[in-house]
Each structure stands twice: as C-alpha cells, then as structure tokens.
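This report concerns only the one structure given below.
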Amino acid sequence: MPSTPDPVKGAPDWLPPDSAAFDAVEGAFLETARLGGYERVRTPVFEHTEVFARAVGESTDVVQKEMYTFADKGGRSLTLRPEATAGIVRAALSAGVPRSGSLPVKYAYAGDCFRYERPQAGRQRSFSQVDIEALGSDDPVLDAEVVLLGWEALRRAGLPAQALTLRLNTLGDPEDRPAYHQVLNAYLDTVDDLPPDVQARQRTNPLRAFDSKAPRMSEVMADAPLLADHVSESAKAHHARVVELLEAEGLPLTHDPRLVRGLDYYTRTTFEYQAAGLGAQNAVGGGGRYDGLAQVLGWGERFPGIGWALGVDRTVLALTGSGTLPPPRPRVAVFVVVAAPELAGEALSLVSALRGAGVATDLGFDGRSVKAQFKVADRAGAARVVILGPDEVARGVLTVKDLATGEQREIARTDATRELVGP
RNA sequence: GUGGCCGUAGCUCAGUCCGGUUAGAGCGCCGCGUUGUGGUCGCGGAGGUCGCGGGUUCGAUCCCCGUCGGUCACCCCA
C-alpha cells in the first residue's frame with residue numbers, strides 16, 4: 001500500500017485559510033519596515049558553517065546543537081540559517097557596503113530559518129521571521145528607532161498594546177566583558193551547589209548563568225552582580241539616551257537587567273517583545289545591537305549595527321490566542337457558473353477578460369450542476385455570480401445575480417467587464 | 001537530548017476502565033428535494049488497515065511489550 005509521506009517534524013505547512021493570517025502578519029511587519037525606510041534584501045538560506053559558528057558564537061546552544069549542517073558535493077560545510085542577521089551582515093560585508101554607501105544602510109528581510117529543536121507550542125524547526133537591520137551607525141537614536149519600529153510592527157499586525165511587554169537591557173561593550181566575567185565568576189564560585197550546566201558555561205560564557213531556569217538559580221542570580229553595573233561610561237550614557245527616547249515615546253518599558261540573549265554577538269542594547277497567550281515560548285520578537293559582529297566575521301574595521309527579528313508564526317499564534325485575527329478576504333469577487341459543459345471555452349474567455357480588468361474571478365469545473373456551482377460560488381465568498389448558459393449565449397447576454405441581495409438581472413455580453421468591475 | 005499526556009472517518013471527538021456478533025456522533029464532503037440558482041431546512045450517500053509490529057486470549061480498537069508519530073513542558077530561542 002502506498003502511503004503519503006508525513007510532513008517533516010517541526011516543519012509546518014501553511015494552507016488556506018491559515019495562510020492568509022500568515023501573509024497578513026508578514027505583510028504588516030514588512031510594511032512597517034518599509035515605512036521606516038528599510039529596503040528588502042534576500043540572502044541564501046544557507047551559508048558557510050563558519051558564518052554562524054563565528055557570528056552566533058561557539059558557546060551558544062544554537063551552534064552547539066541546533067544547526068542543520070551538511071556537506072555539499074564539493075565537500076564544503078554548509079548550514080541552513082538558524083537566524084538571519086549573520087547572513088545579512090555577511091552579505092553587506094561581501095559587497096563592501098561599509099566603504100561604499102551612505103550610512104547607515106537599512107535592510108529588511110523576510111524568510112524561513114531552521115533550528116533542530118524539539119517542537120512545542122510556538123516553536124518549530126522551520127519557522128519564519130521578518131528582520132530589520134540598520135548597519136553603519138552607533139547613534140542611540142537609531143536604537144530607539146529600531147525598538148520603536150518593532151513595537152509598531154507588532155501593533156500593525158494586530159496585537160493590542162496591553163498584550164505586549166517590552167523588555168530592555170544593556171550588555172555593554174565586548175571590552176567590558178572580561179572584567180565583568182571575573183566579577184561574576186567570583187560570585188558564582190561562592191555558591192557551592194551550582195547546577196552542572198551552569199558550571200560548564202562558566203568557562204565559555206558565564207553570562208548564560210542568567211538564562212538558567214533551574215529553581216535554585218533564580219535565587220542565586222537574584223543577588224548576582226549585574227553586567228549593567230559593570231559597563232563603560234560611554235555604554236551607560238548610550239543606554240540612558242535610548243531609555244530617555246523610548247520613554248518620551250510612551251513605550252511601556254520593562255527594565256530587565258537579567259535579559260541575556262542566547263546569541264553571542266549582542267552588545268549594548270538588547271530587547272525582547274513578549275506577547276500574552278503564547279504558552280512557554282512567549283517572545284514574539286527580539287533583537288539588539290551587534291557592534292562587534294562585522295569584526296568577528298573578519299572585517300578589519302568597526303562596523304556597528306542593530307536590528308530585530310519578529311517571529312511570524314509566533315505572532316499568528318498570539319493573534320489566534322487573543323481572538324484578534326482579521327477575517328480572511330473573499331477568494332474571488334465574481335464566479336462564473338457554466339450552465340452547459342460545451343460552453344466551458346466561452347466561460348474561460350469571459351473569466352479571462354474579467355481578470356484582465358482586475359476582477360478576481362473563478363468558474364465552475366467538472367461539469368457540475370448549476371446548483372453545485374452556486375454552492376462553490378457561495379463558499380468562495382463571491383459577491384456576484386454570472387450565469388452563462390445556452391439561452392444567454394443565443395441572446396448575447398449574461399445573467400448576473402447578486403448573492404447578498406438575491407437580485408438578478410441581465411446585461412449585454414459586451415458590457416461584461418464594465419458592469420462587473422467594482423462593487 | 002529528558003519527561004508528562006495522546007494516537008478511532010477529511011476535522012473535533014465518544015466508545016476502551018468491567019475484551020465478544022454490522023465501531024458511532026457532530027461538523028465537513030457528494031447527491032436528491034428545481035425542469036439552469038447559493039446561504040436555511042428535509043432526505044439519502046460516500047468515507048475507517050481503530051498509527052505500526054509483536055504478545056496474551058476461543059476472540060483485541062479495548063489488556064501487555066516494543067516502535068513510530070503527535071502534543072505540551074524542560075533546555076533555549078523567533
């Protein structure tokens with residue numbers, strides 16, 4: 001017995017009517033980016049593995065256990081992107097953008113990313129996000145703009161403000177890290193029952209101790225020295241300016257000194273948007289500044305940047321949970337009922353002419369009864385049905401029925417496009 | 001990678017605890033009630049290897065073991 005293949009674990013399909021919600025959310029995000037002057041970029045879904053290993057960081061979970069890495073037939077190690085920023089920055093560097101254009105450049109991106117994780121509510125192995133990246137400026141005004149745009153994008157997608165939380169933190173500069181790591185490790189060494197995973201991270205990236213959700217660790221970390229208290233004066237001033245600007249805009253900021261993102265490239269400003277009604281995975285978006293990323297990727301000079309990623313799937317989920325999904329639009333405006341099978345060719349010509357005039361139009365197939373075709377028209381959400389039968393053809397007319405009112409009239413065949421355009 | 005819960009019609013589920021002749025419901029789908037007319041209503045119909053494999057039994061959707069899949073959570077992130 002032949003059997004159809006199952007979908008790949010964690011790789012969701014989007015079919016109607018759900019796909020309409022997906023498009024609406026992605027569209028709202030991209031439109032917000034466009035209004036902010038961000039231009040669309042596309043980069044490949046795979047990169048050389050080292051792009052992510054270096055950018056995201058060897059010590060991260062993403063690189064250590066979540067990447068789809070494979071060798072191509074030329075023996076290159078390639079990886080399906082687990083996130084978009086690294087590839088976009090790499091593309092900008094490949095094109096010599098730091099030396100060629102007026103800065104900052106503003107990029108927007110939409111597409112799928114891939115991480116090998118156990119799926120759960122709001123988390124899939126193949127997921128879709130929209131990113132914006134502003135490259136080539138370390139102006140705190142830019143930080144504020146980016147954070148603000150993310151908020152507006154989520155609002156435009158339909159999430160009510162009261163369902164959203166915005167968490168903000170600063171991670172300082174890379175140069176601030178070694179001294180702080182010493183302070184933090186000294187503190188952690190005073191704790192005698194550290195969980196093994198935290199002990200392991202102490203060497204590679206002690207900041208990740210803040211990530212641990214072990215009950216014991218929440219007590220421990222409550223008293224831990226905070227990075228925000230050990231950053232340079234310029235980073236502090238930068239953060240203060242960002243906060244000042246965002247508060248002036250009335251954004252409901254939550255200061256979270258323990259917000260440590262799981263990607264190593266973040267510096268200074270980091271933030272996360274959380275939505276209600278999502279289950280355990282409640283972040284619908286996040287981002288931050290990554291002033292050291294270009295250099296990690298081998299660029300010889302400083303090339304700062306900042307951006308966010310918003311989860312499309314997760315936002316659809318949040319909208320579903322809060323019952324604020326917009327109703328899907330009708331599939332077509334006009335439906336042509338073919339009252340006799342031999343008129344199918346004539347019907348196709350009519351449909352084609354209507355489409356040419358910008359009217360979304362479908363027609364009946366399979367020689368089904370007029371009654372059955374009307375049902376299809378109704379389900380398609382058509383406002384009007386055009387009946388094409390032997391009688392109409394003989395007299396050079398069309399019968400047009402308004403499905404909402406039930407009114408029916410005849411029009412001349414030659415007037416079809418003019419009569420059927422519009423409401 | 002670890003753990004809880006769950007796999008019965010296209011979908012949502014009942015039945016399984018106390019194994020027993022043709023496995024049910026609602027929705028959806030198809031047709032009929034109009035000889036060319038939808039949404040309501042009525043009637044009829046199609047559709048199921050009860051996830052898969054093995055075991056116990058006279059007999060398994062039901063009990064046992066294994067396996068695969070789904071789901072939620074941990075870890076972590078969008």
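Fair warning: this is a prediction, and the values are worked out from it, not measured in the lab.
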Which part of the nucleic acid, if any, lies within reach of [X] when heavy atoms closer than 4.0 Å are counted: base, sugar-phosphate only, or nothing?
| X | answer |
| --- | --- |
| A/Q281 | base |
| A/A380 | nothing |
| A/R125 | nothing |
| A/D313 | nothing |
| A/Q373 | nothing |
| A/Q274 | nothing |
| A/A382 | nothing |
| A/G279 | sugar-phosphate |
| A/A377 | nothing |
| A/R118 | base |
| A/K401 | base |
| A/Q408 | base |

For A/D391 and for A/V376, locate the closest nucleotide of RNA chain B by heavy-atom distance; then report the residue assigned to the nucleotide nearer the 5' terminus. A/V376
Starting from the 5' end of RNA chain B, give me the residue, A/E66 or A/E407, whose nearest nucleotide shows up first. A/E407
State, without any angle test, whether A/E83 and A/Y265 hold a side-chain donor-acceptor pair at a distance under 3.5 Å. yes
Examine the side chains of A/H238 and A/D138 and answer whether a donor and an acceptor come within less than 3.5 Å of each other. no
Integer-rounded Å distance: [N] [atom2] and [X] [atom1]:
| X | N | atom1 | atom2 | value |
| --- | --- | --- | --- | --- |
| A/L388 | B/U37 | CG | P | 16 Å |
| A/R409 | B/U37 | CZ | C1' | 17 Å |
| A/E26 | B/A78 | CD | P | 18 Å |
| A/R379 | B/G38 | CZ | P | 12 Å |
| A/F374 | B/G31 | CZ | C1' | 18 Å |

Watson-Crick or G-U wobble mate for B/C43, both contacts under 3.5 Å: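 Checking every strand shown, B/C43 finds its partner in B/G31, with both distances under 3.5 Å.
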Applying a 3.5 Å limit to both distances, which nucleotide forms a Watson-Crick or G-U wobble pair with B/C58? B/G20
On a heavy-atom basis, the closest approach of A/A347 and A/V338 is CB-CG2, 3.7 Å
When you look at A/D264 and A/T60, which way does the side chain to side chain donor-acceptor pair (under 3.5 Å) test go after all the steps? CA-CA 7 Å; A/D264 279 357; A/T60 62; 5.7 Å; no
Does [X] place a side-chain N or O at less than 4.0 Å from the phosphate oxygens OP1/OP2 of [N]?
| X | N | result |
| --- | --- | --- |
| A/R123 | B/C72 | no |
| A/Q120 | B/A73 | yes |
| A/K65 | B/C76 | no |
| A/K9 | B/G70 | yes |

Is any side-chain N of the basic residue among A/K106 and A/E145 closer than 4.0 Å to the acidic one's carboxylate O? yes
Salt bridge present between A/E31 and A/R34 (N-O < 4.0 angstrom):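 Salt bridge: yes.
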Please tell me which of the listed nucleotides, B/A78, B/G38, B/A73, lies nearest to the side chain of A/D378?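 Selected nucleotide (nearest to the side chain): B/G38.
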